[in-house]
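One structure below.
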Amino acid sequence: MTIIGIPGQGDLDAMEDFVAATGTEDVLTIPDLTGEIWERFGVRQRSQYLFIDDDGTAELVRYGSPRGQNLREGIDRLIGG
């Protein structure tokens with residue numbers, strides 16, 4: 001499984017500051033400066049996250065932090081568990 005952060009709706013300096021402040025430098029981050037990626041998957045706000053299967057279909061959209069039970073449920077659904 002690959003985790004990719006796709007920040008958007010802000011300027012690049014603010015996105016880089018967020019990554020540094022949260023200690024997530026090791027997570028692949030692709031800034032979405034135009035909003036094209038967010039639009040592709042129907043993301044409307046920063047607190048959403050997706051689980052995307054191999055063919056690019058968004059399997060689950062949640063609000064809030066992707067950790068704990070929410071994260072486990074999303075992974076289980078994605079892998080058919």
Side-chain angles (χ1 to χ4, degrees):
M1 173 174 33
T2 302
I3 297 173
I4 302 172
I6 305 176
Q9 298 182 342
D11 70 312
L12 190 55
D13 288 337
M15 294 176 198
E16 290 172 349
D17 290 345
F18 176 83
V19 168
T22 58
T24 55
E25 295 92 347
D26 292 337
V27 174
L28 174 61
T29 303
I30 303 170
D32 186 14
L33 300 176
T34 65
E36 184 178 344
I37 299 169
W38 281 28
E39 181 66 28
R40 160 72 170 86
F41 293 103
V43 174
R44 301 287 179 244
Q45 61 190 37
R46 293 181 191 157
S47 61
Q48 288 185 309
Y49 62 94
L50 312 174
F51 292 93
I52 303 171
D53 66 15
D54 290 338
D55 69 3
T57 302
E59 287 291 316
L60 180 66
V61 178
R62 290 272 206 202
Y63 296 91
S65 179
R67 61 178 78 151
Q69 186 63 30
N70 287 340
L71 182 58
R72 282 188 291 279
E73 288 172 4
I75 292 169
D76 286 346
R77 181 174 171 182
L78 187 62
I79 63 175

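Predicted, not measured: the structure shown is a model, and the values here were computed from it.
- One finds the CD atom of Glu16 at 9.0 Å from the CG atom of Asp11 (value rounded to the nearest 0.5 Å).
- At distances below 3.5 Å, at least one donor-acceptor pair connects side-chain atoms of Asp32 with backbone N or O atoms of Glu36.
- Residues Ile6 and Leu28 fall within the same hydrophobic cluster, defined by Ile, Leu, Val, Met, Phe, Trp and Tyr side chains chained together at heavy-atom separations under 4.5 Å.
- Following chains of ILVMFWY side-chain contacts shorter than 4.5 Å, one cannot reach Phe18 starting from Ile30, and the two form parts of different hydrophobic clusters.
- In this structure, the separation between CG on Leu12 and CG on Leu33 is 5.5 Å, given to the nearest 0.5 Å.
- Across all their heavy atoms, Met15 and Gly8 have their closest contact at CE-CA, 3.7 Å.
- The two atoms that bring Val27 and Gly5 nearest to each other are CG1-N, 3.9 Å, heavy atoms only.
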